> 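The following block contains the structure, expressed as structure tokens.
Being a predicted model, the structure only gives us computed values, none of them experimental.
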Amino acid sequence: MTAIFLSIILLFAFTPLGFINLGIISATLIHVPVIIGAVVLGPRYGAFLGLSFGLISMFNATVNPVPMSFVFSPFIPVIGTNQGSLWAIVIAIIPRILVGIVPYYAFQLMKKSLPKLKEPISLFISGVIGSLTNTILVMNLIYLLFNQGYSQIQSGALGSSLYKIVLAVIVTNGIPEAIVAGIATSAVTAVLLKLTHRSRN
């Protein structure tokens, strides 16, 4: 099952299937198999899937560079310099590993603390939390670690003005992606949990 999730991550990362056009923005689905894998397989396998997601995003940023690629690949020069930064590895890897850990514990916590909450709702919330973990950490780390480079992309915005742009990205991209992730997690994970429970019995 881990191999299947990894194959889906690769498929989403390198084909248009990994994106849903919501009109104004395009929501990514690449983190969804990581979230589902975390809930179904547990945090250890989830962390592995998250690490794989991070390494794939680093590879993609390196071989298919766009203006923001320097924040995900140490091999792409930071804007305004002639060399990359190792901090890019932190942004590419750490949030994605946590995407493979946080949803599992969020789901388990809701099962224990809110036992009357229906499973599909718990799974939806876990998917939303997993997706926002990625968006919030990535955008805040970009602001903290690549303030100058990101500022140049955003027409020289600095300080509070630049952070308002970060918050705008979290709201306009992060929330729709989180809702999509929540729906997908609720729909798919409920079935997989039943199948894995039957196979164990």
Side-chain angles (χ1 to χ4, degrees), residues 9 12-13 16 18-32 34-35 38 50-51 53-62 64-103 105-106 109 124-186:
I9 292 169
F12 282 178
F19 302 89
I20 293 181
N21 192 335
L22 298 177
I24 299 175
I25 61 108
S26 180
T28 180
L29 298 175
I30 303 172
H31 57 297
V32 173
V34 179
I35 296 169
L51 173 62
F53 170 29
L55 292 173
I56 290 166
S57 70
M58 190 188 304
F59 173 80
N60 213 0
T62 303
N64 299 304
V66 295
M68 284 290 292
S69 289
F70 67 91
V71 303
F72 297 111
S73 172
F75 305 105
I76 303 297
V78 178
I79 290 180
T81 73
N82 58 3
Q83 61 185 11
S85 170
L86 292 177
W87 287 117
I89 300 174
V90 173
I91 296 178
I93 299 296
I94 301 301
R96 279 63 188 274
I97 290 177
L98 290 174
V99 171
I101 296 174
V102 172
Y105 288 108
L109 180 63
F124 173 82
I125 295 171
S126 300
V128 169
I129 290 172
S131 181
L132 288 176
T133 297
N134 180 61
T135 305
I136 291 172
L137 283 178
V138 166
M139 291 309 302
N140 278 280
L141 285 172
I142 289 173
Y143 177 77
L144 291 172
L145 302 177
F146 291 102
N147 195 288
Q148 294 299 317
Y150 189 53
S151 172
Q152 291 191 44
I153 287 180
Q154 301 298 338
S155 303
L158 292 172
S160 60
S161 297
L162 184 61
Y163 196 70
K164 286 179 182 177
I165 295 172
V166 169
L167 292 176
V169 172
I170 292 173
V171 171
T172 58
N173 276 50
I175 292 179
E177 286 180 358
I179 293 171
V180 170
I183 293 170
T185 302
S186 181

> Do you know which two heavy atoms are closest between Pro77 and Phe75, and how far apart they sit?
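Pro77 and Phe75 have their closest heavy atoms at CD-O, 3.8 Å.
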> Pairs in or reaching into residues 66-83: which pass side chain to side chain donor-acceptor pair (under 3.5 Å), with residues at least two apart or in two chains?
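Listed by first then second residue: Thr62-Ser73.
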> Testing the basics here: between Pro74 and Ala88, what is the closest heavy-atom pair and its distance to 0.1 Å?
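Result for this residue pair: N-CB, 3.7 Å.
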> Could you measure the distance from the CE atom of Met139 to the CG atom of Leu132? Nearest 0.5 Å is fine.
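Atom-to-atom, Met139:CE and Leu132:CG are 13.0 Å apart.
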> Given Val180 and Leu29, is the side-chain contact (heavy atoms from CB on, under 4.5 Å) satisfied, shown in steps?
CA-CA 8 Å; Val180 170; Leu29 298 175; 3.3 Å; yes
> So which heavy atom on Pro65 is nearest to which on Ile76, and how close?
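Heavy atoms only, the tightest pair is CB-CD1, 4.0 Å.
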> What I'd like to find out is whether the side chain of Leu137 reaches to under 4.5 Å of the side chain of Val99, using heavy atoms alone.
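No; the side chains remain at least 4.5 Å from each other.
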> Can you tell me how far CD1 of Ile153 sits from CE of Met68, rounded to the nearest 0.5 angstrom?
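Rounded to the nearest 0.5 Å, the CE-CD1 separation comes to 5.0 Å.
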> Is the closest side-chain heavy-atom distance between Arg96 and Val34 below 4.5 Å?
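Side-chain contact under 4.5 Å: no.
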> What do the steps show when you test Tyr163 against Val166 for side-chain contact (heavy atoms from CB on, under 4.5 Å), and what is the final call?
CA-CA 5 Å; Tyr163 196 70; Val166 169; 4.0 Å; yes
> Show me the pairs that pass ring-ring contact (aromatic ring centres under 6.0 Å, His included) and involve residues 77-101, at least two apart or across chains.
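Residue pairs passing ring-ring contact (aromatic ring centres under 6.0 Å, His included), neighbours aside: none found.
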> Do Phe124 and Thr185 have side chains that get closer than 4.5 Å, going by heavy atoms?
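Counting from C-beta outward, Phe124 and Thr185 never come under 4.5 Å.
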> If you round to the nearest 0.5 Å, how far is CG of Asn134 from CD1 of Ile129?
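Between Ile129 CD1 and Asn134 CG, I get 14.0 Å after rounding to 0.5 Å.
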> Which atom names give the shortest non-hydrogen contact between Val171 and Pro176, and what distance separates them?
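Val171 and Pro176 have their closest heavy atoms at O-CD, 3.4 Å.
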> Can you tell me if Ser57 uses its side chain to pair, donor with acceptor, with the backbone of Gly54 under 3.5 Å?
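Checked: pair present.
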> Nearest heavy-atom pair of Ala181 and Gly127: which atoms, and what distance?
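Nearest heavy atoms, Ala181 then Gly127: CB-O, 3.8 Å.
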> Could you give me the CA-CA distance, side-chain angles and deciding distance for Val138 and Phe72, then say whether side-chain contact (heavy atoms from CB on, under 4.5 Å) is met?
CA-CA 10 Å; Val138 166; Phe72 297 111; 3.9 Å; yes
> Can you sort out the partners of Ser131 under side chain to side chain donor-acceptor pair (under 3.5 Å), two or more places apart, ordered by chain and number?
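Checked Ser131 against side chain to side chain donor-acceptor pair (under 3.5 Å); matches are His31.
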> Restricting to side-chain contact (heavy atoms from CB on, under 4.5 Å), what partner residues turn up for Ile93, sequence neighbours left out?
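Scan of Ile93 (side-chain contact (heavy atoms from CB on, under 4.5 Å), adjacent residues dropped) gives Leu51, Leu55, Met58, Ile89, Ile97.
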> Show the atom names and distances, to 0.1 Å, of all donor-acceptor pairs under 3.5 Å that link a side chain in residues 141-150 to residues at least two apart or in another chain.
unit_1: Tyr143; atom_1: OH; unit_2: Gly159; atom_2: O; d: 3.4
unit_1: Asn147; atom_1: ND2; unit_2: Tyr143; atom_2: O; d: 3.2

> List the residues meeting side chain to side chain donor-acceptor pair (under 3.5 Å) with Thr133, not counting sequence neighbours, and say none if there are none.
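Scan of Thr133 (side chain to side chain donor-acceptor pair (under 3.5 Å), adjacent residues dropped) gives none.
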> Identify which one of Ile165, Asn140, Ile175 satisfies the side-chain contact (heavy atoms from CB on, under 4.5 Å) criterion when paired with Ile170.
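Single pass found, and it is Asn140.
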